[in-house]
Amino acid sequence: MALRLITAGESHGPGLTCIVEGLPAGLQVRAEDLNEDMARRQLGHGRGGRMKIERDAAEVTGGIRHGYTLGGPVVLEVTNRDYANWEERMSPWPVADDVAEVHLPRPGHADLVGTLKYKHSDVRNVLERASARETAARVAGGGLCKAFLRTLGVEIRSHVIQIASVQAPPREDALAVEDFAAVDSSPVRCLDAEASRAMVSEIDRLRKANESLGGVFEVQAFGLLPGLGSYVSWEARLDGRLAMAICSIHAIKGVSVGDAFTIAGVPGSQAHDEIFFSPSRGLYRETNRAGGLEGGMTTGCPLVVRGAMKPLPTLTKPLRSVDIETHEPAEALRERTDSCTVPAAGVVAEAMVALVLADAYRRKFGGDHIDDIMQAVGAYEKRIGWRR
Ligand code: EPS
C-alpha cells in the first residue's frame with residue numbers, strides 16, 4: 001500500500017496506537033476529524049457496559065504540527081480508561097500475585113485457534129488483541145484518510161440496513177450525501193424510521209433472551225473520480241481491496257459490491273449500467289448496479305459496498321466448549337459484552353473504505369504535498385473531460 005495503517009494495543013491494556021504512513025504534507029486536520037467518528041463508533045443500541053467507561057479520543061504524538069500534516073507517519077494514541085480496572089491483570093510487567101488464566105474458549109471467537117497457534121495457555125493472551133476494541137484505533141486513523149478525501153471532494157457515509165431478521169425496506173432511489181444527515185440520530189443508524197424502531201425492539205427482545213445479533217451495513221462514497229484502482233493486476237482491483245478491508249473488521253463474514261447478490265440471479269441485459277452521453281453531462285449512467293466499480297476501477301458513480309456481520313460470539317448464555325487445560329466439557333467464557341454492534345461496524349467500515357480509497361488516490365496521483373495532488377487531479381479531470 002502507498003498508504004499504510006497499523007494498530008497496536010490490547011482491549012484492556014493501557015491503550016491503543018494507530019500509525020498512518022503515506023499521507024502528503026500540508027493536509028489540514030482538525031481534532032474533530034478524528035474524535036467525532038470515534039464518538040460515533042461508541043454509539044448504537046445494543047452496546048454493553050464498556051462504552052459507559054470509555055470516552056474515546058485520539059492524542060496526536062507525531063506527524064502533525066499546528067493542524068497540518070508534515071509528511072511523516074502520523075501517530076495517534078487512544079487511552080483505555082478501563083485499564084484502571086485491569087492494571088494488575090494487564091500489566092506489561094510481571095506482577096506479584098498470580099493472575100487467574102482463562103481456559104474456556106468461546107466458539108466463534110479467535111480464542112481456541114489463537115491459543116493453539118501462538119502457544120498460549122491463557123486465552124486472555126489471544127482475546128485481548130482479537131477484541132473489536134482495536135477498531136477504535138482504526139477509526140482514529142480513518143479520520144485522517146477521510147480528511148484527505150474530503151479535501152479531494154470525496155465524502156463517505158454508512159447506514160444499517162438489517163439487524164438480525166429485521167430489514168429496512170429496499171430504497172427506490174439512489175441515496176445522496178444529504179440523505180445521511182440524520183443517520184446518527186437513529187439508535188441503530190438506520191435511515192428508515194419504522195425499521196429503526198423494529199430493530200431496537202428486536203435487540204431488546206433477543207438481548208433479554210441472552211442472545212447476540214448480527215446484521216448488514218452499507219457504506220457509500222460520493223465524489224469519486226473514474227479510474228481509481230486498476231484492472232491490470234489482481235491486487236490492484238479495488239473490489240478486492242475493499243472486500244479485504246471490510247472483511248478484516250471483526251465478525252464481518254460477507255461483502256457485496258453494488259447489487260452483487262441480486263444481479264447474480266438476473267439475465268445479463270438487466271445486470272449492467274448502460275452508457276450515455278449528453279453535451280451537458282458528458283458520459284454518464286442512469287443506473288448504478290455495479291456499485292461504482294467496473295474492472296476493479298471506480299466508474300465515477302457512488303461506491304456502494306455492504307458488509308454482513310455475524311452475531312457476536314460472547315454470549316451471556318454461553319455455548320458448549322472445552323476447558324483447554326483439563327479437556328473436560330465446559331461452558332464458554334462468560335464476559336461482559338455488547339449484544340449488537342452493527343451500527344458501530346458501519347462507522348468502522350467507513351474508516352476502512354476511506355483507507356482503501358485514500359490509498360488509491362495516493363497511488364494514482366503521487367505527490368509529496370496536498371497541492372501536488374490537487375494539481376494532478378485537476379489535470380486528470382481535464383484530460384478525461386470529467387464533470388462533477
Ligand atoms: C469486545 C468485548 C467488549 C466490547 C469490546 C469488544 O469489551 P469488554 O470485554 O471490555 O466489555 O465492548 O469493544 C470495545 C471495547 C470497543 O471499544 O468497541 C470483544 O470481545 O471483542
Side-chain angles (χ1 to χ4, degrees), residues 7-18 34-58 76-90 99-100 102 104-115 122-143 158 188-189 203 207 210-215 217 248-253 307 309-316 318-319 321 332-352:
T7 72
E10 283 70 45
S11 180
H12 304 101
L16 302 164
T17 302
C18 179
L34 317 179
N35 295 335
E36 278 171 8
D37 276 357
M38 296 182 78
R40 290 171 65 228
R41 194 200 67 92
Q42 290 200 261
L43 299 176
H45 196 69
R47 287 297 234 158
R50 178 75 183 271
M51 289 305 107
K52 294 191 179 74
I53 299 171
E54 303 299 342
R55 305 264 181 290
D56 291 341
L76 306 171
E77 306 279 355
V78 185
T79 300
N80 287 330
R81 286 166 62 122
D82 204 17
Y83 179 58
N85 306 314
W86 290 76
E87 258 181 77
E88 189 171 39
R89 282 172 290 176
M90 289 305 294
V99 173
V102 176
L104 305 171
R106 293 158 296 174
H109 221 284
D111 299 353
L112 177 59
V113 185
T115 52
D122 185 354
V123 174
R124 182 156 302 287
N125 286 338
V126 175
L127 69 85
E128 284 290 337
R129 177 66 187 156
S131 164
R133 173 78 187 142
E134 184 258 351
T135 60
R138 296 199 208 185
V139 169
S158 74
V188 284
R189 309 194 57 254
I203 293 170
R207 182 162 52 183
N210 294 306
E211 289 289 1
S212 60
L213 303 85
F217 58 77
S248 76
I249 302 168
H250 308 69
I252 304 305
K253 302 300 278 185
M309 186 175 207
K310 68 182 181 183
L312 299 175
T314 308
L315 293 172
T316 41
L319 296 175
S321 183
L333 175 68
R334 192 195 305 246
E335 280 228 310
R336 176 184 63 189
T337 184
D338 308 298
S339 51
C340 179
T341 55
V342 183
V347 178
V348 179
E350 290 175 24
M352 295 310 290

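Predicted, not measured: the structure shown is a model, and the values here were computed from it. Counting begins at 1 with the first residue of the sequence. Just so you know, ligand 1 is whichever comes first in the structure, and atom 1 is the first atom listed for that ligand.
- Here the side chain of Arg81 pairs a donor or acceptor atom with the backbone of Ile53 at under 3.5 angstrom.
- For His109, every heavy-atom contact with ligand 1 shorter than 4.0 Å involves the side chain, none the backbone.
- Classification of Arg50 and Glu335 as a salt-bridged pair fails, no side-chain N sitting under 4.0 Å from a carboxylate O.
- For Arg50, every heavy-atom contact with ligand 1 shorter than 4.0 Å involves the side chain, none the backbone.
- Close to ligand 1: Ala132, with a non-hydrogen atom less than 4.0 angstrom away.
- Listed by number with element, the atoms of ligand 1 under 4.0 angstrom from any heavy atom of His12 are 8 (P), 9 (O), 10 (O).
- Here the shortest heavy-atom pairing between Thr115 and Val126 reads N-CG2, 3.5 Å.
- Ligand 1 has a nitrogen or oxygen under 3.5 angstrom from a nitrogen or oxygen of Arg47.
- Considering only non-hydrogen protein atoms, atom 15 (C) of ligand 1 sits nearest to Arg133 CD, 3.2 Å.
- For Thr337, no nitrogen or oxygen atom sits less than 3.5 Å from a nitrogen or oxygen atom of ligand 1, counting backbone and side chain alike.
- Of the protein's non-hydrogen atoms, the one nearest atom 6 (C) of ligand 1 is Ser131 OG, 3.3 Å.
- When only interatomic distances are considered, the shortest N/O to N/O separation between Arg41 and ligand 1 falls below 3.5 Å.
- Ranking the protein heavy atoms by distance from atom 11 (O) of ligand 1 puts Arg336 NE, 2.7 Å first.
- Shortest non-hydrogen contact noted between Ala140 and Leu34 is O-CD2, 3.4 Å.
- A donor-acceptor pair shorter than 3.5 Å can be found between the side chains of Ser158 and Arg189.
- In this structure, Phe217 and Val348 have side chains that are not in contact, with every pair of non-hydrogen atoms separated by 4.5 Å or more.
- Two residues are said to be in side-chain contact when any heavy atoms from C-beta on lie closer than 4.5 Å; Leu16 and Asn80 meet this criterion.
- Ligand 1 lies nowhere less than 4.0 angstrom from a heavy atom belonging to Gln42.
- Ligand 1 is approached by Asp338 to a heavy-atom distance shorter than 4.0 Å.
- Under a 4.0 Å N-O distance rule, the pair Asp56/Arg133 qualifies as a salt bridge.
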